[in-house]
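To start, the structure itself, in structure tokens.
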Amino acid sequence: LATIGDGSLVANGPVAVVGGFSGDETDAGSASGDASVTILDGEQSLSTVTAISNGATLNTLTVTGGAGDAKGAGVYVVEGDVSILNCVVHSNSGAFGGGISHPVAGGAASANLVLHGSVVRDNQASKNGGGLHWQGSGALTVTDTVFEDNVAAELGGGLALHNAAGGTLTGATIVGNAAHSGGGLQIQNATGAWAFVNSRLVGNKAVGLGGGAYLTNDANFTGTEHSFTSCLFVGNTANEGGGVEIWDSNLAVQMVNCTLAHNAAARGGAVEWRYGKGNGVYNTIMSGNRGSLSNDNARVIDGASVEVGYSLLQDGWSDGWLGAEFEGPNGQGSVESEASYVNMPKWAARLSKEGTTDTFVIANSGPYEEGDLLEVDMDGVTRTVTYSAEGTITFSPALATKIPIGTLVWNWGSNPDFTWDASLSFFSPAIDAADGDLAPPEDLDGEPRIDVDGIENVGTGTPNYTDMGALEFHGLVLIPN
């Protein structure tokens, strides 16, 4: 039954609320498929625009204008099996889960949500989960969905997954979200495993920990094991753990065929591990990431341990945990080298001090020369270095406002093409160099593994020509004479 009560749409039971109709269709199959045609607008006066439970489905709708409380301002998932398909949830604001929320406080029942083919954008949370906040023993299954430009004041700009049983996100795009910690997503006190597959985390920001993702547990919480497979982390920033922060003694995270490129932090440009044992990095690339204070690609500290195999780790690790030569059982088949991407900047940096409209101060000004082309906050605008000395960089044209602390600055050198591409280039040592037994049969884009002519197969397993990283090489290879 779908009812309208106090202005909110309540869908309870095996009912589908389907949009995309302009009003002159003669049958259900004639719908446009455009979610913008049918809009549920709370006009900033409804605490929840719509609530769904017990078999209900929202399909091809736009949900906007909710101004709510802990229940989710856009969509409140109450209980039972529910689905959100091909919808746009945008411009809602609440305490927990500005866009979509399933809280279980106060004895509320659990739910299972399928979220597919949707866009969750421009939502805000005064607490956690700008785009989505999820709790409870039910399963969350997300496929081919975008979380973009959502903001949380505390945890999980794109998604906050708290005290939840686990779930899967496949084909997710988590881009441009922001929070104090866990700019893209945050997982805390999971009672089951979370798996991220074929997903992109790009340009997310955290003031504190984990620009792309922050995974943690409370003290004495029984830990679980989470995984990232064929995932791409690019241009995320944080104070610690630019790409990923993993913080707990009872928490292990496995990374398989991932690429972490040009993320930046004060410490741990790509990843920072703290305390946890049993972490793994396999067939993974970490190259072009920077820590502005420690100049490290990745950090393993406070007793944490990480097993490494058939991975490319530029500059190795900080704090001396793993030697530069990857000696011993850890690091088998791994190399310390630049990845040689198709088109990425020559340097990534996170500003640790506020700048002016046309200057910033950085600890290492060596990578900046007059005439270098800069991109600020991945905005696509070309700015040119006009002065570089003693840690002060001046550029033109100026910005409209001062550059805040934590801003990502990419130095593209003399390259005017800011269209970044973290695919492997002609001479990457990551080609045909991974463990085929661990790799999925297809890469992030669904491309199969190929044996590149003229490249020695230095990998292992079946096939022994799998590439490291999220993206399999499928371009032309130039063999030097």
For this session: Before giving the answer on side chain to side chain donor-acceptor pair (under 3.5 Å), spell out for Thr419 and Asp417 the whole-Å C-alpha distance, their side-chain angles and the decisive distance to 0.1 Å.
Result: CA-CA 6 Å; Thr419 307; Asp417 181 5; 2.9 Å; yes
For this session: Before giving the answer on side-chain contact (heavy atoms from CB on, under 4.5 Å), spell out for Thr60 and Thr38 the whole-Å C-alpha distance, their side-chain angles and the decisive distance to 0.1 Å.
Result: CA-CA 8 Å; Thr60 321; Thr38 307; over 6 Å; no
Donor-acceptor check, side chain of [X] to backbone of [Y], threshold 3.5 angstrom: yes or no?
X: Glu442; Y: Pro448; value: no
X: Thr407; Y: Ile405; value: no
X: Thr384; Y: Gly371; value: no
X: Thr356; Y: Thr359; value: yes
X: Thr237; Y: Lys205; value: no
X: Asn217; Y: Asn189; value: yes
X: Asp377; Y: Asp379; value: no
X: Asp443; Y: Glu472; value: yes
X: Asn279; Y: Val253; value: yes
X: Asn128; Y: Leu155; value: yes

Exercise. Are there more than 12 heavy atoms of other residues, nucleotides or ligands under 6.0 Å from atom NZ of Lys127?
Worked result: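 Count not over threshold, so no.
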Exercise. Is the distance between the ring centroids of His133 and His162 less than 6.0 Å?
Worked result: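 For His133 and His162, the ring centres are under 6.0 Å apart.
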Problem set entry | Pair Tyr214 + Trp247: ring centers closer than 6.0 Å |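 No - the distance between ring centres of Tyr214 and Trp247 does not fall below the 6.0 Å cut-off.
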So, for [X] and [Y], which heavy atoms are closest and what is the spacing to 0.1 Å?
X: Ser230; Y: Ala470; result: C-CB, 4.1 Å
X: Trp194; Y: Gly166; result: CE2-CA, 3.3 Å
X: Ala349; Y: Ala264; result: C-CB, 3.8 Å
X: Ala261; Y: Met344; result: CB-CE, 4.1 Å
X: Ser199; Y: Gly171; result: OG-N, 3.6 Å
X: Ala238; Y: Gly210; result: CB-N, 3.6 Å

Kindly compute the distance separating [atom1] ([X]) from [atom2] ([Y]), expressed to the nearest 0.5 Å.
X: Arg383; Y: Ile393; atom1: CZ; atom2: CD1; value: 15.0 Å
X: Leu85; Y: Leu58; atom1: CG; atom2: CG; value: 8.5 Å
X: Arg290; Y: His262; atom1: CZ; atom2: NE2; value: 7.5 Å
X: Leu408; Y: Leu351; atom1: CG; atom2: CG; value: 8.5 Å
X: Gln135; Y: Ser101; atom1: CD; atom2: OG; value: 7.0 Å
X: Thr50; Y: Leu40; atom1: OG1; atom2: CG; value: 6.5 Å

Could you check whether [X] pairs with [Y] (Lys NZ or Arg NE/NH1/NH2 to Asp/Glu carboxylate O, under 4.0 Å)?
X: Arg299; Y: Glu272; result: yes
X: Asp372; Y: Lys346; result: yes
X: Asp302; Y: Arg274; result: yes

For this session: Given side-chain contact (heavy atoms from CB on, under 4.5 Å), test Leu444 with Leu232 step by step and report yes or no.
Result: CA-CA 8 Å; Leu444 169 61; Leu232 181 66; 3.9 Å; yes
Taking C-beta and beyond as the side chain, do [X] and [Y] meet within less than 4.5 Å on heavy atoms?
X: Leu46; Y: Thr48; result: no
X: Asn86; Y: Asn59; result: yes
X: Asn411; Y: Tyr368; result: yes
X: Val244; Y: Met255; result: yes
X: Leu424; Y: Asp467; result: yes
X: Leu201; Y: Leu185; result: yes
X: Val202; Y: Ile174; result: no
X: Phe395; Y: Tyr387; result: no

Exercise. What pairs meet the side chain to side chain donor-acceptor pair (under 3.5 Å) rule with one or both residues in residues 167-185, with sequence neighbours excluded?
Worked result: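 Output for this query lists Asn150-Asn177, Asn177-Asn204.
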List in chain and number order the residues that pass side chain to side chain contact (heavy atoms under 4.5 Å, CB included) with [X], two or more places apart in sequence or in another chain; answer none if no residue qualifies.
X: Ser287; value: Ile285, Leu312, Gln314, Glu338, Ala339, Tyr341
X: Ala270; value: Leu260, Met286, Asn289, Asn297
X: Ile39; value: Asp41, Thr62, Thr64

Exercise. What do the steps show when you test Val197 against Leu169 for side-chain contact (heavy atoms from CB on, under 4.5 Å), and what is the final call?
Worked result: CA-CA 6 Å; Val197 181; Leu169 284 84; over 6 Å; no
For this session: Examine the side chains of Ser425 and Ser428 and answer whether a donor and an acceptor come within less than 3.5 Å of each other.
Result: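 Side-chain D/A pair, Ser425 to Ser428: absent.
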Problem set entry | Any side-chain donor near an acceptor of the partner, Asp421 and Ser423, under 3.5 Å |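 Yes, because at least one side-chain N or O of Asp421 sits under 3.5 Å from a partner of the opposite role on Ser423.
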Problem set entry | Derivation of the side-chain contact (heavy atoms from CB on, under 4.5 Å) call for Thr141 and Leu113 | CA-CA 6 Å; Thr141 303; Leu113 171 63; over 6 Å; no
For this session: List for me each residue that meets ring-ring contact (aromatic ring centres under 6.0 Å, His included) alongside Phe196, sequence neighbours excluded, and say none if there are none.
Result: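 Listed in chain order: Phe228.
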Exercise. Who passes ring-ring contact (aromatic ring centres under 6.0 Å, His included) against His90, sequence neighbours left out?
Worked result: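 In terms of ring-ring contact (aromatic ring centres under 6.0 Å, His included), with neighbours along the sequence ignored, His90 is linked to no residue.
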Exercise. How are the rings of Trp412 and Phe418 set to each other: parallel, tilted or perpendicular (split at 30° and 60°)?
Worked result: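 Judged by the thresholds at 30° and 60°, the geometry between Trp412 and Phe418 is parallel.
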For this session: Start with the C-alpha gap between Arg449 and Asp432, add the side-chain angles, then the distance that decides, and say whether salt bridge (charged side-chain N to carboxylate O under 4.0 Å, His left out) holds.
Result: CA-CA 9 Å; Arg449 306 297 176 185; Asp432 291 358; over 6 Å; no
Problem set entry | Candidates Ile84, Asn92, Asn123 - the one meeting side-chain contact (heavy atoms from CB on, under 4.5 Å) with Ile100 |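 One option only clears the test, and that one is Ile84.
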